[in-house]
Amino acid sequence: MAEEHKAAGQVLPDGSGETTLAPPPLRNDCFALPAGVDWTPVDQALGFLEQRLSPVIGRETVALKAALGRVLAGDVVAKRSNPPQANSAVDGYGFAGGIAPGAHVLPLQVGRAAAGVPFDGVVAPGQALRILTGAAVPPGIETVIMEEDVTVGTDRIAFHGPLKKGANTRDAGEDVKAGEVALRGGRRLTPADLALLSAVGLAQVAVYLPLKVAVLSTGDELVEPGQEAGPGKIYDANRPMLLAMLEKFGFEGIDMGRIPDDRETLRAALDDAATRADVILTSGGASAGDEDHVSALLQEAGALQEWRIAIKPGRPLALALWDGTPVFGLPGNPVAAMVCTLVFARPAMGLLAGMGWAAPQGFDLPAGFEKRKKPGRREYLRARVRNGQAEVFASEGSGRISGLSWADGLVELGDGAMDIRKGDPVRFIPYGSFGL
Ligand code: AMP
Ligand code: MG
């Protein structure tokens, strides 16, 4: 790219012995991908990452109440069945067998089965027993009729059949049986998982240590939010965003601050980050320009993979190992930085964190917009859902941070050419599917 721009400017003689610089001619295809250069399709790039990365972190055992959002380090086997014994699903009356159609009267046996207070005896054939929701079904009971369907006398009950044998009861282990795998390793624990693990008798679980991710911003133009911003300065938008994303992903962000466009300072920061973190995320300075010190340094270390990925927004993305620590050199533009993080860095970090590869779940919605797209690269548009349609942000400018905030997710347009009309199905991926 940089080569091409340089070549496009021409120096023309103006007759005075001086030269004037003519602007490069604008070309129709100035935003098209360079011809004859291989751009890696997104899926292929993701495939490489998936093949080449594996968990890099240790494990620990934590109490269930501290396990929300942690990643299971192995399969968890149920210690106990859920339910542990057959029990009643309703408040009512229990008896043996099913009930034929028609009116029935059954004598009531003395006693009661309640949740946590089992009936200590056997229910005789042809008799009924008062039983409450959650009570263990005592020997002699196979079926329960709801109290709402029963007329209760002093020592008998009357009701209408039919009722199937086993009605209103739950079998032992019908949900999960002791010894079965309740949850697979690699799963990031949800509130529902904590309910399941509790029910099957677990009080603690083995989890991976949180992935530590160092975040640093590069650029002489950056100042800290809250600071005075002089001419030419902008506030660092990427670092707060990236650190917040990491928190949502369940990783441990390490704030390495802003690094000026100075190679030695950046080198020291990368050295420091590599000792403190499992992964390093940088933003800015990743192309091949004069002040693109991230790519220059990584190149110098001999570890750079400059990924020319066919994606918009998003290039350039520099992947490298610094002292053995993976570095994702994200683009400086906040929109590209976010899209690259969601599409590439997140699943890759998920693998490093022991979660396995997690492709985001999208779904097709009718387009609420029109767009023509050239073949050769995948595009992600800031999008939101209104009235069942996917709307996209008016500008595709990669510096338009407000669009990231306006959106609820991304519309993913495939690699091929597209001529999207209103109502055509397009793939919408909510931010939530990316873990945000
Ligand atoms: P770079 O990749 O360093 O050439 O940066 C590309 C564009 O993104 C430039 O306009 C930068 O000023 C901008 N940029 C880089 N880093 C940040 C950041 N942390 N926050 C906001 N904008 C940034
Ligand atoms: Mg820069």
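Atoms considered below: every heavy atom in the structure, side chains included; atoms not considered: hydrogens, waters and symmetry mates. Just follow the structure's listing: the first ligand is 1, and inside any ligand the first atom is 1. All figures in this text were calculated on a predicted structure; none of them were measured in a lab.
Crowding of Arg80 atom CZ: a count of heavy atoms from other residues, nucleotides or ligands under 6.0 Å not exceeding 12. Heavy atoms from other residues, nucleotides or ligands lying under 6.0 Å from CD of Glu247 number 12 at most. More than 12 heavy atoms of other residues, nucleotides or ligands shown are found within 6.0 angstrom of CG on Asp419.
Within the 4.0 Å heavy-atom shell around ligand 1 one finds Pro334. Not a single heavy atom of Arg239 sits under 4.0 Å from any atom of ligand 1. At a 4.0 Å cut-off, not a single heavy atom of Ser287 sits close enough to ligand 1 to count as contact.
Under a 4.0 Å N-O distance rule, the pair Asp171/Lys177 does not qualify as a salt bridge.
For ligand 1 and Ser217, the ligand atoms under 4.0 Å from any heavy atom of the residue are 19 (N). Listed by number with element, the atoms of ligand 1 under 4.0 Å from a non-hydrogen atom of Ile234 are 12 (O), 21 (C), 22 (N), 23 (C). The ligand atoms of ligand 1 that sit less than 4.0 angstrom from a heavy atom of Asp236 are 18 (C), 19 (N), 20 (N). If you number the atoms of ligand 1 from 1 as listed, the ones under 4.0 Å from a heavy atom of Gly284 come out as 1 (P), 2 (O), 3 (O). Atoms of ligand 1 lying under 4.0 Å from any heavy atom of Gly285, numbered from 1 in the order shown and given with element: 1 (P), 2 (O), 3 (O). Residue Asn333 approaches ligand 1 through these ligand atoms, each under 4.0 Å from one of its heavy atoms: 6 (C), 7 (C), 8 (O).
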Could you walk me through whether Asp75 and Arg184 pass the side chain to side chain contact (heavy atoms under 4.5 Å, CB included) check?
CA-CA 4 Å; Asp75 293 350; Arg184 293 272 171 212; 2.8 Å; yes
Check against salt bridge (Lys or Arg N to Asp or Glu O under 4.0 Å), Glu147 and Arg130:
CA-CA 9 Å; Glu147 63 185 17; Arg130 176 71 169 146; 2.8 Å; yes
Can you check salt bridge (Lys or Arg N to Asp or Glu O under 4.0 Å) on Asp43 and Arg378, steps first, answer last?
CA-CA 9 Å; Asp43 282 339; Arg378 184 169 299 184; 2.9 Å; yes
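In terms of N/O distances under 3.5 Å, ligand 1 is not approached by Leu222. For a threshold of 3.5 Å applied to N or O pairs, the pair formed by Ala286 and ligand 1 contains no separation below that value.
The aromatic rings of Phe363 and Phe428 stand perpendicular to each other, their planes meeting at an angle above 60°, with 30° marking the opposite boundary.
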